[in-house]
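Working notes, structure below.
Every value quoted in this text rests on a predicted model; they were computed, and no experiment measured them. Position 1 is the first residue of the sequence, and the numbers go up from there.
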Amino acid sequence: MRGRKIFSKKLAGSVAEFVASSLAGKRIVVTREVSQSTKLVEELGRRGAIPILFPLIAFEKPDDCVPMNVAMAEMEKFDWIIFTSENAVRAVAEWPGRTESFSGGESRDSVRVAAVGAATRDEAEKAGFRVDYLATEKSGAGLAQEIGRVLKGRRVFLPRSNRANPDLPAALREHGALLTEVTVYKTVRPANASREGLEGIFLSVVDAVLFFSPSAVHNFAEIGGRERIAGLQKDIAVAAIGSTTADAVRELGIETILQPEEPTIEAMMRTLEMYFADLAEVNVQVQPR
């Protein structure tokens, strides 16, 4: 895929070969929502990096809670629930009125659960759901292709954000699923995410900016301006957690995107370390002797 730069152990070697992390001293902008950034910040700090928190998304209850309340009251009618994000899992798990039949318990009469991505599966299991299917392709559209025939004629519940990609529900309906799509949380731009704050960050020396959702990318463009953002790639590494987020970054005119092989924090750390180690080696080679 054009503009996609993926680092693997086979291509770049093991991180363990480095005496010190190549992230030491690097200033990394984290655009993820604050409560979800704890582990990421810890991992960056452990490697000597300097995390700079600039959250570009926040989560709120949907404007209309009635559809979700109705779905909760009639949860026994569903055959499947599909989780496409950790946020959707948390929103459902914390919603008043969740029933035991909605947890994918031991009874095979309970709703079955499918998840996109290992992190979403782990969050679902932590919330008490038993995950019956984990998508091989780490996207909603990929999941629809994999189990679409199983869902034909089945009643499927799809909890999502107000800004979720429309490809998945369209694909599920094409496969004959009887779909109930409900907005369970709203993705918004934090009130304190201002142009002045963004400019202040980039006036200092910044080495990389990390994106974990298309919504964060869109808000970044709205605040900073598309032309300003596209110009950053000459001096700053831009990383995206997955293909959907990478596509959103690419739409801003950024051609080189760091994307880990797996959409996990651990894989993101490996990708960043390998990139900066490779960059350091190139810089050494071009220095005059």
Side-chain angles (χ1 to χ4, degrees), residues 36 59-187 213-215 242-245 262-264:
Q36 297 180 333
F59 306 115
E60 298 178 355
K61 285 282 189 182
D63 293 330
D64 184 4
C65 293
V66 172
M68 184 57 179
N69 289 334
V70 171
M72 280 291 186
E74 301 177 350
M75 197 51 59
E76 67 279 357
K77 75 177 184 179
F78 294 110
D79 301 299
W80 282 85
I81 176 172
I82 296 178
F83 287 123
T84 59
S85 72
E86 298 168 70
N87 295 324
V89 174
R90 281 189 284 268
V92 170
E94 296 169 4
W95 198 278
R98 173 184 165 185
T99 64
E100 288 301 320
S101 64
F102 195 29
S103 63
E106 291 301 319
S107 171
R108 287 292 79 194
D109 293 331
S110 61
V111 64
R112 294 176 183 268
V113 177
V116 176
T120 301
R121 176 201 59 197
D122 294 345
E123 188 67 27
E125 291 179 345
K126 186 171 70 173
F129 295 95
R130 186 171 73 180
V131 177
D132 298 272
Y133 187 81
L134 175 65
T136 302
E137 289 292 328
K138 299 170 182 63
S139 68
L143 182 145
Q145 290 299 321
E146 291 172 25
I147 63 170
R149 59 188 179 86
V150 176
L151 301 179
K152 183 176 181 179
R154 300 294 183 181
R155 296 159 297 184
V156 178
F157 179 65
L158 180 63
R160 316 189 81 202
S161 83
N162 62 316
R163 298 177 68 171
N165 190 301
D167 291 349
L168 175 57
L172 291 173
R173 291 188 175 100
E174 285 180 6
H175 283 287
L178 306 178
L179 186 66
T180 298
E181 180 185 5
V182 175
T183 297
V184 292
Y185 69 97
K186 183 169 65 173
T187 302
S213 71
S215 295
S243 58
T244 304
T245 303
E262 298 287 331
T264 64

Can you find a heavy atom in the side chain of L151 that is under 4.5 Å from one in the side chain of W80?
yes
Determine the minimum heavy-atom distance between H175 and R149, stating which atoms define it.
ND1-N, 4.3 Å
Please test V113 against R130 for side chain to side chain contact (heavy atoms under 4.5 Å, CB included), starting from the C-alpha separation and ending with a verdict.
CA-CA 7 Å; V113 177; R130 186 171 73 180; over 6 Å; no
L179, L178, V156 screened by side chain to side chain contact (heavy atoms under 4.5 Å, CB included) with R173, the one that passes:
L179
On a heavy-atom basis, the closest approach of P96 and K61 is CD-NZ, 4.3 Å
Compare all side-chain heavy atoms of T120 with those of V89 and state whether any distance is below 4.5 angstrom.
yes
Measure across A144 and L172 and return the closest heavy-atom pair with its distance rounded to 0.1 Å.
CB-CD2, 4.1 Å
Answer yes or no: is there a donor N or O on one side and an acceptor on the other, between the side chain of D132 and the main chain of R112, under 3.5 Å?
no
Under 30°, 30 to 60°, or over 60°: which ring-plane class applies to F59 and Y185, parallel, tilted or perpendicular?
perpendicular
Could you report the tightest heavy-atom contact between A124 and F83, atom names first, then the distance?
CB-CD1, 4.3 Å
Between P159 and I82 the two heavy atoms that sit nearest each other are CD-O, 3.3 Å
Flag side-chain contact, heavy atom, 4.5 Å: T187 against N162:
yes
I'd like to check S161 versus N87 (side-chain heavy atoms, cut-off strictly below 4.5 Å). Are they in contact?
no
Are L143 and T136 packed together at the side-chain level, in the sense that at least one heavy-atom pair is separated by less than 4.5 angstrom?
no
Taking D79 for its side chain and R155 for its backbone only, find out whether a donor-acceptor pair lies under 3.5 Å.
yes
Atom NZ in K186, atom CD in E60: separation rounded to 0.5 Å?
5.0 Å
Kindly write out the residues that satisfy side chain to side chain donor-acceptor pair (under 3.5 Å) with E146, not counting sequence neighbours, or none if the list is empty.
Y133
Within this structure, what is the CZ-NZ distance for the pair F157 and K77, rounded to the nearest 0.5 Å?
9.5 Å
If I take atom CZ from residue R163 and atom OG1 from residue T183, how far apart are they, to the nearest 0.5 angstrom?
12.5 Å
Got a salt bridge between E123 and R90, using NZ or NE/NH1/NH2 to carboxylate O under 4.0 Å?
yes
Closest heavy-atom pair, E86 versus A119, reported as atoms and distance to 0.1 Å, is OE2-CB, 3.5 Å
Counting C-beta onward and ignoring hydrogens, is there a side-chain heavy-atom pair between P214 and T245 closer than 4.5 Å?
yes
Output the distance between atom OG1 (T180) and atom CG (L158), rounded to the nearest 0.5 Å.
9.5 Å
Is there a side-chain contact between E181 and R160 in this structure, where contact means two heavy atoms from C-beta onward sitting under 4.5 Å apart?
yes
Using side-chain heavy atoms (C-beta onward) and a distance below 4.5 Å, is V111 in contact with E76?
no
